[in-house]
Every structure is written in C-alpha cells, then in structure tokens.
Amino acid sequence: MKMQPTLLLQGRRKNINSCYISPSCHLGQLPRLMQSWFSLFPSLPSTTSGQSWRPASGRSIRSYPHLRGDVRWRRLYSPNHFFLSIDDNGKVKGTYQRENTNSVVDIRSVHRGTVAIRSIHSGFYVAMNRKGRVYGTKSYSPNCKFKERIEENGYNTYASLHWHHQGRPMFLSLDGRGAPRQGTKTRRQHLSTHFLPLLVT
C-alpha cells in the first residue's frame with residue numbers, strides 16, 4: 001500500500017518535546033508541510049550546542065540531488081530559534097525576527113546536490129573558508145558552494161563542498177547566540193547545523 005505524506009506531531013503542549021516530518025513525505029510536498037508545521041507551532045523546540053540528533057535505527061538518511069538551475073526563495077530556520085541572515089555589511093548571523101528582509105535567501109542549485117545561498121536584500125553570499133570561518137561575500141567563489149542534504153528529521157544541512165576538517169565535513173551552523181559556529185567544531189548530529197527551509201510568504 002502506498003504511504004500517504006503525513007505530518008507527525010508529538011507533544012501538543014505549549015513546550016513541544018518532539019516534532020518532525022515523516023520520512024515517507026514526498027519531497028515535492030515537503031516545503032508546504034514545513035510551512036504548515038511552522039504556522040502550527042511558532043515556538044519550535046530549542047537546542048544547545050551539547051545536544052545531538054541521531055536517526056532512528058534501521059533508517060537511512062536520504063540525499064535529494066536538485067536539478068541544476070533550481071532557484072528557491074526561503075527563510076532558513078534553526079532549532080535555536082534563529083533565522084539565518086546576511087546584513088548589509090556582509091555579516092552572517094541569526095535573527096529572531098521572522099520578517100527581517102535580510103533573512104530571505106535565494107537558494108540556487110549550481111550542481112546536483114550543491115547550492116549557493118544568497119541574501120535577496122543585501123546581495124551577499126554565505127561562504128566558508130578552509131578554516132571553517134563563515135562570512136558574507138558579494139564575489140561568488142568555490143567558498144560559496146554547499147552540499148545540501150535533507151536529514152531524516154526533515155531539516156536540511158549545508159556542508160562546505162570544498163573544505164573539510166580532518167576528513168570530516170564542515171557545516172553551516174548558528175550557536176545559541178545566533179553567531180555562526182566555526183565549521184571545524186560542527187557535526188552533522190548537532191541540531192545547530194540543521195535548518196528548516198520555510199517558504200517566503
């Protein structure tokens with residue numbers, strides 16, 4: 001029997017303990033479900049740098065390569081309650097303000113499974129150098145390329161395409177203050193590296 005896309009919600013109290021999108025959800029419907037999820041629960045579960053997420057046993061994490069040239073306008077929401085933004089000076093940081101114009105980003109597929117993230121308002125790209133420092137730049141370069149992967153919990157991770165630390169990927173991440181975390185200190189299991197791409201309305 002074909003499984004229908006479902007939005008699984010657990011813990012309907014004010015403070016939600018667990019809330020995620022079923023891996024059986026069809027990819028084309030995922031953004032709409034995410035938007036519905038966010039509208040139902042504007043206060044999403046928070047995390048600290050010490051918390052980690054691990055997939056359920058027996059389930060594989062899936063990667064959905066995008067067709068080259070695909071462009072999406074989104075707001076990237078972190079479990080730390082921040083929206084990723086790049087201000088007019090090129091500073092990458094998190095903002096609590098959902099309507100902040102600098103938080104609207106253009107996620108453009110430049111290769112299969114590889115994207116560039118650019119603020120629509122400020123025009124700066126998100127970039128990461130070989131030391132894992134996250135910064136904004138108006139000059140598109142290899143530092144601006146990130147491998148986009150949809151994790152089993154419905155969030156996306158963005159790892160530098162070109163740079164690694166001791167053989168491990170370095171991820172885009174916001175810490176508890178909304179500052180970009182050094183890529184050398186990030187892991188895929190850290191919830192601070194997970195982002196929910198919300199539709200711009």
Side-chain angles (χ1 to χ4, degrees), residues 23 27-28 30-31 34 49 52-55 60-80 82-87 90-94 102-175 178-200:
L27 179 60
L30 189 58
M34 287 178 176
S49 58
S52 299
W53 166 84
R54 294 186 182 280
S60 60
I61 299 172
R62 296 171 295 175
S63 177
Y64 297 94
H66 297 284
L67 295 177
R68 186 171 183 175
D70 176 43
V71 179
R72 293 159 286 151
W73 283 23
R74 297 290 187 271
R75 285 186 170 92
L76 293 179
Y77 181 80
S78 165
N80 286 335
F82 291 106
F83 294 94
L84 180 74
S85 70
I86 311 100
D87 67 19
K91 184 176 181 179
V92 180
K93 58 183 179 180
N102 289 325
S103 69
V104 179
V105 295
D106 173 334
I107 304 176
R108 181 180 300 269
S109 294
V110 294
H111 298 290
R112 288 174 60 88
T114 303
V115 300
I117 303 170
R118 183 179 66 91
S119 170
I120 297 298
H121 180 75
S122 68
F124 281 90
Y125 288 94
V126 178
M128 182 184 292
N129 65 17
R130 67 170 62 227
K131 295 183 178 180
R133 186 176 71 86
V134 177
Y135 63 99
T137 176
K138 287 197 173 182
S139 300
Y140 179 73
S141 71
N143 286 2
C144 302
K145 295 180 180 181
F146 293 88
K147 292 184 66 176
E148 181 183 59
R149 176 162 149 168
I150 300 178
E151 305 296 337
E152 190 177 351
N153 63 352
Y155 284 73
N156 286 8
T157 53
Y158 298 91
S160 174
L161 178 65
H162 289 280
W163 307 122
H164 296 76
H165 176 66
Q166 297 179 349
R168 296 192 304 265
M170 296 194 294
F171 295 91
L172 186 62
S173 172
L174 296 176
D175 65 19
R181 193 183 301 279
Q182 192 82 6
T184 56
K185 300 178 180 179
T186 62
R187 301 289 186 277
R188 186 183 304 279
Q189 292 80 12
H190 294 168
L191 281 175
S192 61
T193 66
H194 293 198
F195 291 90
L196 196 62
L198 299 174
L199 289 170
V200 177

**OP:** Using a 4.5 Å cut-off on heavy atoms from C-beta on, say whether the side chain of K145 contacts that of Y140.
**Re:** yes
Subject >> Non-hydrogen atoms of C144 and Y125 that approach each other most closely >> reply: SG-CB, 3.7 Å
**OP:** Evaluate the side-chain proximity of N80 to S192: yes if any heavy-atom separation is below 4.5 Å, no if none is.
**Re:** yes
Original post:
So with a 6.0 Å cut-off around CZ of R130, is the heavy-atom count from everything else above 12?
Top reply: no
**OP:** Given side chain to side chain contact (heavy atoms under 4.5 Å, CB included), test R188 with E151 step by step and report yes or no.
**Re:** CA-CA 9 Å; R188 186 183 304 279; E151 305 296 337; 2.8 Å; yes
Subject >> Heavy-atom donor-acceptor pair, Q182 side chain to K131 backbone, under 3.5 Å >> reply: yes
Subject >> Flag side-chain contact, heavy atom, 4.5 Å: L172 against L84 >> reply: yes
Subject >> For A127 against T137, the heavy-atom pair lying closest together >> reply: CB-CG2, 3.9 Å
Original post:
So how far is it from S78 OG to D175 CG, rounded to the nearest 0.5 Å?
Top reply: 9.5 Å
Original post:
Tell me, do W73 and I120 make a side-chain contact under 4.5 Å, heavy atoms counted?
Top reply: yes
Original post:
If we only count heavy atoms from C-beta on, is the I86 to V126 side-chain gap below 4.5 Å?
Top reply: yes
Original post:
What residue among H121, K93, R74, R75 forms side-chain hydrogen bond (donor to acceptor under 3.5 Å, both in side chains) with S103?
Top reply: R75
Original post:
Would L191 and Y155 satisfy side chain to side chain contact (heavy atoms under 4.5 Å, CB included), going step by step from the backbone distance to the final call?
Top reply: CA-CA 9 Å; L191 281 175; Y155 284 73; 6.0 Å; no
Subject >> Closest contact, heavy atoms only, L174 versus F82 >> reply: CD1-CB, 3.9 Å
Subject >> I117 vs D106 side-chain heavy atoms within contact, under 4.5 Å >> reply: no
Subject >> Which atom of N143 lies closest to which atom of Y135, heavy atoms considered >> reply: ND2-OH, 2.9 Å
**OP:** Could you go through the side chain to side chain contact (heavy atoms under 4.5 Å, CB included) check for L76 and V105 one step at a time?
**Re:** CA-CA 8 Å; L76 293 179; V105 295; 4.2 Å; yes
Original post:
OG of S173 to CZ of F195: how many Å apart, nearest 0.5 Å?
Top reply: 6.0 Å
Original post:
Say you draw a straight line from CZ of R187 to OG1 of T193; how long is it, rounded to the nearest 0.5 Å?
Top reply: 10.5 Å
Subject >> Residue pair D87 / N102: nearest heavy atoms and the distance that separates them >> reply: CA-ND2, 3.6 Å
**OP:** For residues K138 and R118, determine if any side-chain heavy atom of one lies less than 4.5 Å from a side-chain heavy atom of the other.
**Re:** no
Original post:
So, are R72 and E148 salt-bridged, with charged N and O less than 4.0 Å apart?
Top reply: yes
Subject >> Within-4.5 Å side-chain heavy-atom neighbours: L198 and F83 >> reply: yes
Original post:
Step by step, would you call M170 with Y158 a side chain to side chain contact (heavy atoms under 4.5 Å, CB included)?
Top reply: CA-CA 8 Å; M170 296 194 294; Y158 298 91; over 6 Å; no
Subject >> N156 side chain to H194 side chain, donor-acceptor N/O pair below 3.5 angstrom >> reply: no
Original post:
Would a distance-only check, ignoring hydrogens and angles, find a side-chain to backbone donor-acceptor pair under 3.5 Å from T186 to F171?
Top reply: yes
